[in-house]
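Notes follow the structure.
Residues take their numbers from the sequence shown, with the count starting at 1.
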Amino acid sequence: MRAAGLLLPDTPAQAALRQRIDEWGMFPFLDHAIAINPSPRQFTESLVIFLEPFYDNLYEALMEQFARDPDIPPAS
């Protein structure tokens with residue numbers, strides 16, 4: 001196990017989270033965001049602002065699809 005933040009032992013949950021972050025290629029963004037936003041609240045606000053355009057685009061695409069075909073079958 002590799003040491004984390006405050007020289008504490010790494011946990012399986014931390015390792016799994018780090019692996020997911022690495023798979024998504026989000027480390028550079030998160031590293032930068034953490035460096036410029038020292039508080040958890042500021043980090044969260046920045047993350048929400050960063051993700052807002054993606055969710056807006058997803059919402060618009062889903063609403064356009066719904067407008068074309070309102071009888072979308074439920075997921076099985």
Over 12 foreign heavy atoms within 6.0 Å of CZ, Phe27: no
Interatomic distance, Arg41 atom CZ to Ser46 atom OG [nearest 0.5 angstrom]: 11.5 Å
Test item: Glu52 side-chain N/O and Ile49 main-chain N/O as donor-acceptor pair under 3.5 Å: no
ILVMFWY cluster, Val48 and Phe54 together (side-chain gap under 4.5 Å): no
Hydrophobic cluster membership, Leu58 vs Met63, 4.5 Å side-chain cutoff: no
Asp69 side, atom CG; Glu64 side, atom CD - distance, nearest 0.5 Å: 14.0 Å
Minimum side-chain heavy-atom gap Tyr59-Leu62 below 4.5 Å: no
Inter-residue atom distance Asp31.CG - Ile21.CD1, 0.5 Å rounding: 10.5 Å
